[in-house]
Amino acid sequence: MKTIRSLDELNQFRDEIVEEKKRQAGLGKVQLVVGMGACGIAAGALDVWKAIEQQIKAGHLMDVLLSQTGCIGLCPHEPILEVTVKDAPKVTYGRVTPEIVNRILKEHVLGGKVVEEFVVDTTPFPTI
Amino acid sequence: MKVIRSMVLVSVDETSLARGAQDVFRAFLDEIEKFGLSDQIAVTTILDPGVHGDTPLVIVYPDSAVYAPVTVADVHTIVEEHLYKGNIVPSLLAMMHELVPEIGWMRGRRGALPVQKRIVLERVGVVNPESIEDYILYDGYQALAKALTHMKPAEVISQVEKSGLQGRGGAGFPTGRKWSFVANTPGFPKYVICNADESEPGTFKDRLVLEGDPFSIIEAMTIAGYAINAHEGYIYIRGEYPLAYKRIENAVHQAEAHGLLGDHLFGTDFSFHIHPHAGAGAYICGEETALIESLEGKRGMPRARPPYPTTYGLFGKPTVVNNVETLANIPPILRNGAVWYREIGSPKSTGTKVYTILGNVNFTGAIEVPMGITIREVIDIYGKGMKNGKKLKLVQSGGSSGSIAPASLQDVPMDFDSFRNAGVSLGSGALLVCNEDTCVVDLARVILRFFRNESCGKCTPCRIGTLQLYEIVSRIAEGQGTLADLDAMVRISEAMSEVSNCGLGQTAPTALLDILKYFRAEVETHIVDHVCPTGVCTALKHSLVSAPVE
Amino acid sequence: MDHENKDLDLASLVDKVVREHGATPDSVIPILSEINRTLGYIPAGTLPEIRRRIQIPQEGVFLADSHVYSAASFYQMFSLKPLGRHVIRFCESAPCHVEGGRQVIEALQKELGLQPGETSQDQKWSLLTTSCLGVCSVGPVFLVDDDIFGNVTPERVPEILARYE
């Protein structure tokens, strides 16, 4: 584990993280992010997470990075799944269930086609 | 990051929609795109602008220009002249004399945008909360590094003081002043406590930070420790937040493993340790002296004050107790400077506030906006209007101990000063929106049941008062109340507010008193006519003419 | 299990928990929490056991049985009597109430045949109420053991309860 003893070391560590992120992005991996705050979990985010894990274990998804984040404040849309395929803009899906996850994985992650009916609009919440 | 300089609101109430508001909205998106302004201008909808007549109505911030009625044909001109060139189009403006005073609220907004600005929630929902790498990638630990290597403790305190940051737990005490009290109090050791016992019903802003950006709290507490010369910190997380506890515990371990928490931080002599502590279910522990008692292994019963924790806190030592949201403001203030922070919000209430929007609106959730937004803006821009088109009846601001604001107060800017002048408490940032189907007697009963359960029982006015008030309100809901009960409730409430030992007893009757102030007629109808106009109190008749509800 | 063995087990549990959290007066609440979590409640017999391990008169540390009891009886998440195998904690605070919680608690009461505070005869269910759980944006909300369920409607109640053995 890296120990940080100065501002220089902190910035050096940050540069390493940036490089690592770039390297991963270069590999063309698909990023899947599940909203895992308590409200997301109350709405069923754990089932969504497990459904994705299952597909990864079954070998149906190869180049996928699965990670989690906190609650962004769009609670009625929970559980939320964000999908970023290569350079394409991030797509946010809402009210996702394990069945919907399987469709998204098949059609969007593997097939490259956004599943429009479950996409939620995040623009009504203007943010500076 | 996008820098939104202007904001367009299109009214989408029923008459506006019937007159083509949807097309106007789309036309704005298209035109703004054509002029290449999409990154600078936010277009959104407002459900009830408070004006009925010449619709659709289009409001442009920050100039507070009101165009009405707007047709698709007008959109190009507004975008080109006003948004692109910066000249208001007088010929399309609404007839102001007809709108006054309904749009008085828009004037108050002039010069500022009711748009989200995320400081506290900057990383929440963006980073992986279990990864210190993600935190560092998004500016994490820059503030601590700067404080430890380039600033003296007194300079850190003075930056926080200059920023104007006020405590976000509800009371609004200046954070910098609190820190300097402790720094200047003799005694050692000193302690930093993060009050994460967020138990005010309807409030979960702190949970979002604890779960979504736990490292920011660890960093902020370490900065506080450096500023006041403390070497130990405690985070008291309520027992009902197991996930928050897990994330904080993980953050402490990762920070320690990277040498960002522990001994000799950033190669200096400063050392700091943090102990996460889980509560066991007690609302009262949100009161800072009760929290300290609880940390010491006792019942969470508030102490008599003074002495305040700043002189006699944990284990009898000088202690800083800060709320989660307050602490989350600290690293950005140190990174960007006090001047930057002062420019956000209103002059007397700087910075942003995280609100949780709940109840009968179309969209519940959390937003972070500059201080000074109005209830109407919160409901109609962020809440996406009232659910099922029902009317707004009241808003409870600040959780169960907070005030009740009737619909008539929805245009008061929400900052510490304006709210205080209107007799409303800003409190914890919870906004419980209730529609016309809400019975105020039933609401009072639920709120008072909460305080009856949560009173710690130490002082008599609160222990007996909460029980008495609950029983009287229940009696009224059952149709057994008398008019004399109303006077009795006011007497009990005033006694509780005056002589209770702590904030719980002092604020428990707040909502009830507001209900008696703004909705007395509805309560009296329960008593005199045995009628509950909303039909919620099933023991009573729904209206004077119809038969009792089965 | 005979009586003596049970006492012995409690003593060794307290041993382990006190060692983990530290034998100091300010560890009383974490110790009680851990026991409550492990056993589902805090048996009266554990209280003097805890006191005995923390009190060290030679070092000036004094602790009364009543002190441990006062902490154990104060906090809502502690139970001093055994509860059912599954504990439902229903949020009865104002936001959930406004969002339709009343209909959900009525459905729970009907489905389980229990009033708040009661435990079923077969020891399967306890129905308790709790103050706000802080997930109001997906209200109404209740907990079954450690699992949290949001956006609950009366219709969903039977399906959720059926998940538990």
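Every chain is numbered from 1, with letters handed out A, B, ... down the list of sequences.
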Query - C:Glu99 (side chain) donor-acceptor with B:Gly359 (main chain) under 3.5 angstrom - result: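 Judged by distance alone, yes, a pair lies under 3.5 Å.
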**Report entry** Donor-acceptor pair, side chain of C:Tyr75 and main chain of B:Gly300, under 3.5 angstrom
**Finding:**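 Checking the backbone N and O of B:Gly300 against the side chain of C:Tyr75, a donor-acceptor pair under 3.5 Å is found.
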Look up atom [atom1] in [X] and atom [atom2] in [Y], then write down how far apart they are to the nearest 0.5 Å.
{"X": "C:Thr129", "Y": "B:Phe450", "atom1": "OG1", "atom2": "CZ", "answer": "11.5 Å"}
{"X": "C:His97", "Y": "B:Arg445", "atom1": "NE2", "atom2": "CZ", "answer": "9.0 Å"}
{"X": "B:Arg207", "Y": "C:Leu133", "atom1": "CZ", "atom2": "CG", "answer": "10.0 Å"}
{"X": "B:His277", "Y": "C:Ser33", "atom1": "NE2", "atom2": "OG", "answer": "7.0 Å"}

Among [options], which has the most heavy-atom pairs under 4.5 Å with chain C?
{"options": "B:Arg238, B:Lys205, B:Glu198", "answer": "B:Arg238"}
{"options": "B:Gly279, B:Pro201, B:Gly202, B:Ala280", "answer": "B:Ala280"}
{"options": "B:Phe315, B:Phe204, B:Tyr283", "answer": "B:Phe204"}

Query raised in the report: Will you find, in the side chains of C:Glu92 and B:Asn453, an N or O donor that is under 3.5 Å from an N or O acceptor?
Result: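 Yes, side-chain donor-acceptor contact under 3.5 Å.
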Query raised in the report: Side-chain donor-acceptor pair under 3.5 Å between B:Glu240 and C:Thr130, yes or no?
Result: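 Their side chains do not contain a donor-acceptor pair, so the 3.5 Å distance test is not met.
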Query raised in the report: Looking at side-chain heavy atoms only, is the closest gap between C:Ser93 and B:Val446 below 4.5 Å?
Result: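 No; the side chains remain at least 4.5 Å from each other.
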Query raised in the report: Any side-chain heavy atom of C:Ser131 sitting closer than 4.5 Å to one from B:Glu454?
Result: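 Yes. Closest side-chain heavy atoms under 4.5 Å.
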Side chain, backbone, both or neither of [X] within contact of chain C (heavy atoms, under 4.5 Å):
{"X": "B:Cys285", "value": "side chain"}
{"X": "B:Val536", "value": "both"}
{"X": "B:Thr203", "value": "backbone"}

Exercise: identify the closest heavy-atom pair between [X] and [Y]:
{"X": "C:Ser137", "Y": "B:Thr364", "value": "O-OG1, 3.0 Å"}
{"X": "B:Ala278", "Y": "C:Ile29", "value": "O-CG2, 4.4 Å"}
{"X": "C:Asp26", "Y": "B:Leu295", "value": "CB-O, 3.4 Å"}

Query raised in the report: Of all of C:Val28, C:Ile148, C:Val135, which one pairs up most often with chain B through heavy atoms under 4.5 Å apart?
Result: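 Most heavy-atom pairs under 4.5 Å with chain B: C:Val135.
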Report task. Tell me, out of C:Ala71, C:Ala94, C:Gly100, who's got the most heavy-atom pairs with chain B below 4.5 Å. Result ->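 Option with the greatest count: C:Ala94.
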Query raised in the report: So which part of C:Val68 gets closer than 4.5 Å to some heavy atom of chain B, the side chain, the backbone, both or neither?
Result: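 Answer is neither: C:Val68 stays 4.5 Å or more from chain B.
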Query raised in the report: C:Arg102 versus chain B, heavy atoms under 4.5 Å apart: side chain, backbone, both or neither?
Result: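 The answer is the side chain of C:Arg102.
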Requested in this report: Tell me the residues of residues 437-444 of chain B whose non-hydrogen atoms fall below 4.5 Å from those of chain C, in number order.
Outcome: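 B:Asp442, B:Leu443 fall under the 4.5 Å cut-off.
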Query raised in the report: Quick one: side chain to side chain contact (heavy atoms under 4.5 Å, CB included) partners of B:Arg299, sequence neighbours excluded?
Result: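 In terms of side chain to side chain contact (heavy atoms under 4.5 Å, CB included), with neighbours along the sequence ignored, B:Arg299 is linked to B:Met301, C:Ser70, C:Ser73, C:Phe74.
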